[in-house]
Amino acid sequence: MSFKNIIYEKKNNVAIITINRPHVLNALNRETLLEILSALMDIEKDPDIKVLIITGTGDKAFCAGADVNEFKDKTLMEILEFIELGHRVSTMIEDLSKPVIAAINGYALGGGLELALACDFIIASSNAKLGQPEINLGIIPGWGATQRLVRLIGIRKAKELILLGEMLTAEEALQIGLVNKVVPLGRLREEAFNLAKKLKEKSPVALKFAKHTINAALKSTLPEGLDYEKMSFIALYSSEDAQEGIKAFLEKRKPVWKGK
């Protein structure tokens, strides 16, 4: 697959999407979002891919957000379509059957942070700056931050980020649970692949069920979530991987996953 605005690679069962618009700090325009969406569709249907890493070109920015040029001289319908496209991309990342790691190298602002929020893990370089500065442009986040931030870091911190529009350092983001880990910039890619390696050792079926069941907790009441967990457990238990995992544990050996 050939793309203009992203670099799409597959290495050792890991897919890497690199946003490649360094001249605008990897900002997202419509064309870039469509390319990311196309790559995500390919990853979803490729049984050889176990984990996805999303990052940005260079050491200045993961993604500085939506390309402001997309808002210039546009009709309300065109703006709505652009917002909905961003939702499609973030929702597909969130619902992907495989774990997704955001490797944040530098700025992750606005739509860039919203893209990362849809991922399962966020590793940030020590020079990273994260924030939702939309309020400074007289607008609000439009790709999920008003909803995901509340669920991830609580309403107080979410309001602080969104209403003030100020940036957090990587360490500040770590302290409030916005990112999983902070590493030196030179080790960012290595750490992302180390995490991907650990995930690849797990059953793909169990990872899929675990991810979807955890995500369900954000969209349901506790009784509903517990019912969903129960049914997911039963469905997973009937898989070949579950039977292999239990058998391998009893036989004191490493399981051989089939992804079934």
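This structure is a prediction, so every number in the text was calculated from the model and none was measured. Only this structure's heavy atoms are used, side chains among them; waters, hydrogens and symmetry mates stay out. For the single chain, residues carry numbers from 1 onward in sequence order.
Using a cut-off of 4.0 Å between Lys/Arg side-chain N and Asp/Glu carboxylate O, Glu244 and Lys247 are scored as not salt-bridged. Using a 4.0 Å cut-off between charged side-chain N and carboxylate O, Glu94 and Lys211 make no salt bridge. Between Arg30 and Asp67 there is no salt bridge, since no side-chain N of the basic residue sits under 4.0 Å from a carboxylate O of the acidic one.
Side-chain polar atoms of Ser125 and Asp59 form no donor-acceptor pair below 3.5 angstrom. Using a 3.5 Å distance cut-off with no hydrogens or angles, the side chains of Glu224 and Thr221 do pair a donor with an acceptor. In the model, Tyr8 has a side-chain atom that pairs as donor or acceptor with a side-chain atom of Asp42 under 3.5 Å. Side-chain atoms of Asn29 and Glu70 include no donor-acceptor pair closer than 3.5 Å. Looking only at atom types and distance, the side chain of Ser97 has a donor-acceptor partner in the side chain of Glu44 under 3.5 Å away.
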Donor-acceptor list for residues 175-186 side chains, cut-off 3.5 Å, not counting sequence neighbours:
| residue | atom | partner | partner atom | Å |
| --- | --- | --- | --- | --- |
| Asn180 | OD1 | Ile122 | N | 2.8 |
| Lys181 | NZ | Glu191 | OE1 | 3.0 |

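Ile246 is listed as a side-chain neighbour of Leu250, based on a closest heavy-atom distance under 4.5 Å.
Rounded to the nearest 0.5 angstrom, Lys50 NZ and Ser203 OG are separated by 9.0 Å.
The side-chain contact (heavy atoms from CB on, under 4.5 Å) check on Glu9 picks up Ile7, Lys11, Ile16, Thr18, Arg189, with sequence neighbours excluded.
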Assess whether salt bridge (charged side-chain N to carboxylate O under 4.0 Å, His left out) is satisfied between Lys10 and Asp48, documenting all intermediate values.
CA-CA 9 Å; Lys10 299 180 183 182; Asp48 291 330; over 6 Å; no
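Phe209 belongs to a hydrophobic cluster whose other members, connected by ILVMFWY side-chain contacts under 4.5 Å either directly or through intermediates, are Val205, Leu236.
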